[in-house]
Amino acid sequence: MNVLNFAHAFFSDSAHWHGYDGIPTRLTEHITYSLEALLYAALIGLPIGLVTGHYGRGGNALALLATAGRALPSFGLLVLMFIWIGFGLLPVMIPLVVLAVPPILVTTYEAIRSVDPSPVDAARGMGMPEARVLFQVEVPVALPLILSGLRTAAIQIVSTATIAAYVSLGGLGRYIIDGLYQKNYEKVVGGATLVAALALVTLLVFWALSRITVSPGVRRGG
């Protein structure tokens with residue numbers, strides 16, 4: 001059987017659409033893990049990136065931190081956290097957040113630094129407080145790049161959240177891990193197809209979000 005036949009057999013089996021191991025349940029678990037990890041990463045990366053970008057300080061430190069974060073293997077970190085912490089969601093969240101923070105942090109910093117200094121200087125000349133300069137002048141212009149960092153992080157999380165299955169949690173990785181163990185390649189292909197489809201949906205969601213939140217003038221200028 002080829003990959004298409006495996007995929008067809010998996011999705012046409014009604015048993016895969018019901019119960020605790022059904023596609024709706026596993027998909028919901030995977031989305032929940034991904035959203036939670038993205039939220040934590042954004043809460044860390046966005047404020048630091050915005051503040052350091054606004055004041056133009058810490059760029060080298062951020063680059064070093066991002067390089068270190070990208071160099072850490074997610075699976076290896078998962079194993080270490082599992083040995084140290086034990087069962088639970090926390091050992092999964094830590095490697096996912098570590099994976100997602102660097103693109104958010106660095107892209108946000110670069111986005112703010114790339115804003116034309118003329119309107120920023122004009123706003124300061126009018127006596128506008130620094131917080132208003134950041135959120136009313138810089139962020140609206142930098143928003144497309146900021147969203148691109150969040151999009152990159154989200155796709156990385158969605159693709160990597162399959163590691164949750166290694167520590168007996170759920171998600172779409174359950175099909176891949178269980179399928180390999182059982183030599184059930186329909187499950188493996190089905191799980192991989194669902195992960196890829198969810199990554200594509202994530203791209204579409206961020207495209208729509210960009211269309212809604214970024215002003216037409218900024219989009220045309222980009």
Nearest 0.5 Å, what's the [atom1]-[atom2] distance between [X] and [Y]?
| X | Y | atom1 | atom2 | result |
| --- | --- | --- | --- | --- |
| Tyr175 | Leu180 | OH | CG | 14.5 Å |
| Leu80 | Ile85 | CG | CD1 | 10.5 Å |
| Leu38 | Ile155 | CG | CD1 | 11.0 Å |
| Thr107 | Glu110 | OG1 | CD | 8.0 Å |
| Thr152 | Leu147 | OG1 | CG | 10.5 Å |
| Arg132 | Arg124 | CZ | CZ | 14.0 Å |

Whether His54 side chain and Ile112 backbone form a donor-acceptor pair below 3.5 Å: no
So, Tyr40 and Glu36: side-chain donor and acceptor under 3.5 Å apart, yes or no? yes
Aromatic rings Trp17 and Phe11: how do their planes relate, parallel, tilted or perpendicular, breaks at 30° and 60°? tilted
Please evaluate residues Phe82 and Tyr166 with respect to the criterion ring pair (Phe, Tyr, Trp, His ring centres under 6.0 Å), reporting the C-alpha separation (whole Å), side-chain torsions for both, the decisive distance (0.1 Å), and the verdict. CA-CA 10 Å; Phe82 177 71; Tyr166 279 100; over 10 Å; no
Could you walk me through whether Arg174 and Asp21 satisfy the salt bridge (charged side-chain N to carboxylate O under 4.0 Å, His left out) test, starting with their C-alpha distance in whole Å, then the side-chain angles of each, then the deciding distance to 0.1 Å, before giving a yes or no? CA-CA 8 Å; Arg174 193 79 268 155; Asp21 197 38; over 6 Å; no
May I ask you to test the Lys187-Ile176 pair for a side-chain heavy-atom distance under 4.5 Å? no
Side chain to side chain contact (heavy atoms under 4.5 Å, CB included), paired with His30, selected from Ile157, Thr162, Thr25: Thr162
Which atom names give the shortest non-hydrogen contact between Ala100 and Ala153, and what distance separates them? O-CB, 3.6 Å
